[in-house]
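Numbers restart at 1 for each chain; the letters A, B, ... are given by sequence-line order, proteins then strands. Computed from heavy atoms alone, side chains included, the values below leave out hydrogens, waters and symmetry copies.
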Amino acid sequence: MTAFGLLDVNNMFVSCHRVFDPSLAGRPVIVLSSNDGCAVARSDEAKALGIRMADPYFKIAKLCQANRVTVLSSNFGLYCDLSTRTMAVIAEHAPAAEQYSIDECFLDLTGMVEDLAVWCQGLRATVQRWVGLPTTIGTGPTRTLAKLANRLAKKSKRAEGVLDLAGHPEWVETALARTPVLEVWGIGKASAAKLAARDITDALRLRHADDRWLRQQLGISGLRTVQELRGIPCHDLEIIPDQRQSCTVSRSFGQPTGRLEDVRDAVVAFAGKAAAKLRSEKLVAGALTVYAATNRFRSDLPQRTLTACVTLYPAASDTRRIVQTAVAALERAWESGPWAFTKAGLLLADLVAEDAVPRDLFSPPPADPSAGLMQAVDSLNHRFGRGTARFGLASRTASWQARQDRKTPHFTSRWSEIPVATA
DNA sequence: TCTGGGGTCCTAGGACCC
DNA sequence: TCTGGGGTCCTAGGACCC
């Protein structure tokens with residue numbers, strides 16, 4: 001019998017801020033997305049006020065003021081660093097683990113002889129003590145059931161952060177009955193609506209749905225999800241992560257713009273970031289897509305998305321080539337018109353490891369004349385902070401830059417911002 | 001005034017080939 | 001009166017995830 005665990009950090013981004021500012025404990029706190037757009041993390045107290053995931057800030061600003069909610073811009077440097085520490089603690093204690101997202105980790109608990117609930121409590125206590133973050137763990141015979149157990153553990157005070165379905169198969173049926181289909185991992189709004197039309201509203205009913213109908217209506221992924229609810233594993237642990245297939249850098253603009261120069265400026269900056277990311281993972285890209293889009297929420301304004309795809313041959317991670325190619329593609333796709341662009345992005349695809357680039361039969365291996373320069377740029381930026389060395393037009397103060405009005409210090413990743421303790 | 005960013009997988013349909 | 005059948009590859013878009 002297989003046993004999986006799912007550990008996640010409670011309200012991850014908010015909890016990270018609380019590690020460095022204990023005065024936030026017990027108070028309503030939210031963290032906003034890039035551009036200070038939406039609430040992407042809420043403390044329990046903020047959830048209790050009715051603030052939902054992804055609520056646009058401008059719609060809840062009054063509520064926040066009236067209830068003295070602490071509102072923070074996101075600080076990804078901080079979250080990534082605490083995530084790395086958490087995963088390191090887990091790796092030290094769990095037999096096998098797969099990081100699934102910035103705040104979640106699947107565990108393989110198959111064959112463990114200890115009482116699972118007791119062991120999970122021990123791991124939670126260690127993460128709390130060593131990193132300072134509160135966590136929840138659910139277990140089950142499949143990943144989908146471990147997810148489901150995790151969610152229920154969060155809802156129950158008595159569970160104290162752990163629900164062990166793997167060790168208690170007799171609890172599974174009740175757990176399923178208490179889970180709405182929309183809360184099942186892999187079932188989104190579109191599928192939930194189709195299920196509701198058949199009066200399938202909770203996970204227990206979903207478990208008994210007809211396979212042929214499921215395959216036809218929800219596709220192969222939907223059928224797999226239901227198999228997992230039945231206790232039949234369809235997703236294995238992926239301890240060695242697959243090589244990434246694409247890399248995107250995109251941003252919403254601080255101000256809308258219809259000017260090619262502004263969008264080009266943004267694309268140049270994105271190209272620099274994306275190329276550096278590829279180099280840090282020793283990958284090169286064989287294709288590139290640029291796009292610019294208007295605000296999809298403004299149905300009163302004309303809508304337009306410009307896109308351009310180009311192949312990169314030979315595949316590249318050199319910032320200069322990626323910038324040149326992306327800018328040329330953007331200029332070709334550009335249309336002047338009444339458009340107010342509020343977002344642009346760059347997608348690098350067909351990624352291949354640097355040393356596995358396909359070459360044609362007759363040419364000698366290409367010497368890469370820019371490797372030295374790119375290495376120098378990367379190490380400058382690593383040592384002195386992002387943006388120290390950058391290319392051409394890429395500027396830090398352009399009008400397209402995202403808003404970020406409620407910044408907090410990089411407590412753990414910049415020497416100048418490390419907190420000072422006085423005793 | 002003000003609505004995130006970065007991914008994956010699956011599917012349907014078109015182009016193309018024999 | 002009336003245009004095969006079967007296969008592959010590629011792409012765009014949908015659905016979903018955190």
* To do: Starting from C1' on B/dG6, measure out to CZ on A/Phe13 and report it in whole angstrom.
  => 12 Å

* Structure fact -> Taking a pair to mean Watson-Crick or G-U wobble geometry with both distances below 3.5 Å, B/dC18 pairs with C/dG5

* To do: Could you tell me whether A/Val9 contacts a base, only the sugar-phosphate backbone, or nothing, with contacts defined as non-hydrogen atoms closer than 4.0 Å?
  => nothing

* Give A/Ser246 one of three labels, base, sugar-phosphate or nothing, depending on what nucleic acid heavy atoms sit under 4.0 Å from its own. => sugar-phosphate

* Determine the contact category for A/Tyr57: base if any of its heavy atoms lies under 4.0 Å from a base atom, sugar-phosphate if only primed atoms, P, OP1 or OP2 are that close, otherwise nothing. => nothing

* **Lys/Arg-Asp/Glu bridge criterion (N-O < 4.0 Å) met for A/Arg143, A/Glu98** => yes

* Whole-Å C1' distance, C/dG4 and B/dC17 -> 14 Å

* To do: Please state whether the phosphate of B/dC9, meaning OP1 or OP2, lies under 4.0 angstrom from any side-chain nitrogen or oxygen of A/Gln245.
  => yes

* Given B/dT3, is OP1 or OP2 found less than 4.0 Å from the side-chain N or O atoms of A/Asn295? -> yes

* How many Å lie between CG on A/Asp350 and C1' on C/dC9, as a whole number? -> 13 Å

* Asked: So, is A/Lys343 close to the B/dT3 phosphate, meaning a side-chain N or O under 4.0 Å from OP1 or OP2?
  -> no

* Answer with base, sugar-phosphate or nothing: what part of the nucleic acid does A/Arg143 contact at a heavy-atom distance below 4.0 Å? => nothing

* To do: Just call it for A/Lys147: base, sugar-phosphate, or nothing, with non-hydrogen atoms closer than 4.0 Å on any strand.
  => sugar-phosphate

* **Phosphate OP1/OP2 of C/dA15: any A/Ser191 side-chain N/O under 4.0 Å** => no

* To do: Ignoring backbone atoms, establish whether A/Arg224 has a side-chain N or O less than 4.0 Å from OP1 or OP2 of C/dC16.
  => no

* To do: Return the value, rounded to whole Å, for the distance between atom CG of A/Leu301 and atom C1' of B/dT3.
  => 13 Å

* Send over the distance from A/Ile30 CD1 to B/dT3 C1', rounded to a whole Å. => 13 Å

* Asked: In whole angstroms, how far is the P atom of B/dC9 from the CG atom of A/Leu223?
  -> 18 Å

* Ignoring hydrogens and angles, tell me if any N or O in the side chain of A/Asn35 forms a donor-acceptor pair with the backbone of A/Gly37 under 3.5 Å. => no

* Asked: Under 4.0 Å between a side-chain N or O of A/Arg298 and OP1 or OP2 of B/dT1?
  -> no

* Would you mind telling me which of B/dT11, B/dG6, C/dC17 lies closest to the side-chain atoms of A/Arg215? => B/dT11

* To do: Find the distance A/Met87:CE to C/dC18:C1' and express it as a whole number of Å.
  => 12 Å

* With respect to the phosphate group of B/dG5, does any side-chain polar atom (N or O) of A/Ser34 fall under 4.0 Å of OP1 or OP2? -> yes

* **B/dG6 phosphate, OP1 or OP2, under 4.0 Å from A/Ser250 side-chain N/O** => yes

* **Sugar-phosphate only, base, or nothing, as touched by A/Asp103 at under 4.0 Å among non-hydrogen atoms** => sugar-phosphate

* Would you indicate what A/Leu32 reaches in the nucleic acid, counting non-hydrogen atoms under 4.0 angstrom: base, sugar-phosphate, or nothing? => nothing

* **Residue among A/Val69, A/Leu49, A/Val14 satisfying side chain to side chain contact (heavy atoms under 4.5 Å, CB included) with A/Ser43** => A/Val14

* Structure fact -> Whole-Å distance, A/Phe253 CZ to B/dC2 P, equals 14 Å

* Quick one: label A/Ser74 by what it contacts on the DNA or RNA (base, sugar-phosphate, nothing), any heavy atom closer than 4.0 Å. => nothing

* Contact nearer the 5' end of DNA chain B, comparing A/Thr248 with A/Ser33 -> A/Ser33

* Around A/His93, counting heavy atoms of other residues, nucleotides and ligands shown, do more than 12 lie under 6.0 Å from its NE2? -> yes

* Looking only at side-chain N and O atoms, does A/Arg403 come under 4.0 Å of OP1 or OP2 in B/dT1? -> no

* **Spacing between A/Ile60 atom CD1 and B/dT3 atom C1', to the nearest angstrom** => 11 Å

* Asked: Does the pair A/Glu331/A/Arg264 count as a salt bridge with the N-to-O cut at 4.0 Å?
  -> yes

* Asked: Is a side-chain donor-acceptor pair under 3.5 Å present for A/Arg124 with A/Gln121?
  -> yes

* Asked: Yes or no on salt bridge (charged side-chain N to carboxylate O under 4.0 Å, His left out) for A/Glu183 and A/Lys154, after CA distance, side-chain angles and deciding distance?
  -> CA-CA 13 Å; A/Glu183 302 295 327; A/Lys154 282 213 187 64; over 6 Å; no

* Structure fact -> Ranking A/Arg244 and A/Ile220 by the position along DNA chain B of their nearest nucleotide, the one closer to 5' is A/Arg244

